[in-house]
Amino acid sequence: MKVFNQSLNNVQWITTAYLLAVTLTIVLAAYLQRSFKFKNLIIAAGTASVIGGVICMLSNTLPVMLLGRVIQGIGTGIAMPLLFSIIMLEVPRAKQGSFVGTAGVIVALAPSLGPTYGGICLAALNWRFNFIFTLPITIVFFIIAARFMSDNKAHRDHLNFSEYLLIVLALVALTLAVNNLSSGFASPLVWGGLLVTVISFVIFFKLAKQEGKAHIINISVLKNTSFNLGLLIYTFLQFIQISLTFVIPNLAQLGLKTSALTSGMLLLLGSLLSAFFGPVMGGLLDSQGFKKLFLIGSFLAMAGILLYIIFAQKLSIALIVIFHVMFMTGFSMMYHNSMTIGLQQLEVMHIADGNALFNML
């Protein structure tokens, strides 16, 4: 906000634009994975991540920063669903919980550790080092991934551009509406955005139901109730978790007047516990089933959020950390496991479509 002389509402697009680019790329995941070699996809993902990182590192204005973040988002949008598709296709069912739990650590840990990492960079150096330090790591790992990526049979699918355009229109309109809610529902961007979202999705679902055509996502997977429940749990948990990674550091800096380093560190303990528990909970899913994990996990996650609400006017640094740890412990019991359970309900031919829906939402 200080560097670019921008409001909080404008600066939050650095996160929002990135996540929107991730989502709009993930919509294409099923098409990309059927049409291209996995190795080529991971090379494209790594290249986008590096180019986007360089642009962000050199940016002097908010629009240039947003351009870099969008390009980075495209890289993430290609790589993330590919990771989970490979697990579901190549790992035996009895071990899928452990593997998804381990892979899911990255998805859950990265946004939680981001503020901690950013706070350290700001305290010790300056904001550009957020990108400088991650570039060589990105390059090394995408070269390793490309080197060992398994081969797959690719056949170029038809891209249903009209369906994709409708999803893009719906998600961009929804994002604009939500980001302008502070202006009230009377704002044309809010009610107009929500109206465009609803109309676009209605037309999309009508087109997606037509038989005999190639579709961007096979929505027949939504007929499976168990898949849908796993999808909803996964979506709402991620919704809350990403919200907390934005709200807590800003609350600490703007409300409690802490330093950037302290505000970033508030999420560290909960994030590390979530990383440790991810593979453990995946293993328990494989051996014990999901019922007890989901009951205990939902209790802890809801308790953490309710305590934030109850103590909203009396929050201290210690209380913020304790409530976050409670939420993240419950989160780790359900988050990765809900994806595993959901995707296990589908036939192999529909794994890419189900995976795309999980990662998109």
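Since we're looking at a predicted model, the values are computed, not measured. Just so you know, residue 1 is the first one in the sequence shown, and it goes up from there.
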Q: Indicate the atoms forming the closest heavy-atom contact of F131 with G53, along with that distance.
A: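 That would be CB-O, 3.8 Å.
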Q: Say whether S49 and Q72, considering side chains only, have a donor N or O and an acceptor N or O under 3.5 Å apart.
A: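 There is no such pair (donor and acceptor under 3.5 Å, judged by atom type) between the side chains of S49 and Q72.
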Q: Has the side chain of N130 got a donor or acceptor atom that lies under 3.5 Å from a matching backbone atom of W127?
A: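 Here the side-chain-to-backbone pair exists.
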Q: Locate the shortest heavy-atom distance separating M334 from L293; write the atom from each residue and the value.
A: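 Distance-wise, the nearest heavy atoms are CG-O, 4.4 Å.
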Q: For this output row, return yes or no: ring centroids of F311 and F323 closer than 6.0 angstrom.
A: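 F311 vs F323: aromatic centres under 6.0 Å.
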Q: Heavy atoms only: give me the nearest P249-S263 pair and the separation to one decimal.
A: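 Here P249 and S263 meet closest at O-CB, 3.5 Å.
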Q: Could you tell me if Q238 and Y335 have a donor-acceptor pair between their side chains, going purely by distance under 3.5 Å?
A: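 Side chains of Y335 and Q238: pair found under 3.5 Å.
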Q: Please confirm whether the backbone N or O of L82 pairs with a side-chain atom of S85, one donor and one acceptor, at under 3.5 Å?
A: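 No, the answer is negative, given that no donor and acceptor are paired below the 3.5 Å cut-off.
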Q: Any idea which heavy atoms bring I78 and L41 closest together, and the distance?
A: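 Nearest heavy atoms, I78 then L41: CG2-O, 3.4 Å.
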Q: If you round to the nearest 0.5 Å, how far is CG of L222 from CG of L357?
A: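 That separation rounds to 5.5 Å.
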Q: When you measure from the side chain of N180 to the backbone of L176, do you find a donor-acceptor pair of N or O atoms at a distance under 3.5 Å?
A: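 Looks like yes, one N/O pair under 3.5 Å.
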Q: Given the rule that I, L, V, M, F, W and Y join up when any side-chain heavy atoms are under 4.5 Å apart, are F148 and V91 in one cluster?
A: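 Each belongs to a different hydrophobic cluster.
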Q: Using distance alone, with no hydrogens and no angle criterion, decide if S162 and N160 have a side-chain donor and acceptor under 3.5 Å apart.
A: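 Looking only at side-chain atoms, N160 and S162 do form a donor-acceptor pair, the distance falling under 3.5 Å.
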Q: Below 4.5 Å, heavy atoms only, C-beta onward: do F133 and I137 meet side chain to side chain?
A: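 The answer is no, as the side chains (C-beta and beyond) never meet within the 4.5 Å cut-off.
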Q: Can you see which heavy atom on V221 is nearest to which on H350, and at what distance?
A: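 V221 and H350 have their closest heavy atoms at CG1-CB, 3.8 Å.
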Q: For residues A17 and L66, report the shortest heavy-atom separation together with the two atoms involved.
A: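 For A17 versus L66, the nearest heavy atoms are CB-CD2, 4.1 Å.
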Q: Can you find a pair of side-chain heavy atoms, one from F358 and one from Y234, that are under 4.5 Å apart?
A: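 Yes. Closest side-chain heavy atoms under 4.5 Å.
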Q: Side chains of T134 and Y117: any donor to acceptor distance under 3.5 Å?
A: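 Result is no, nothing qualifies.
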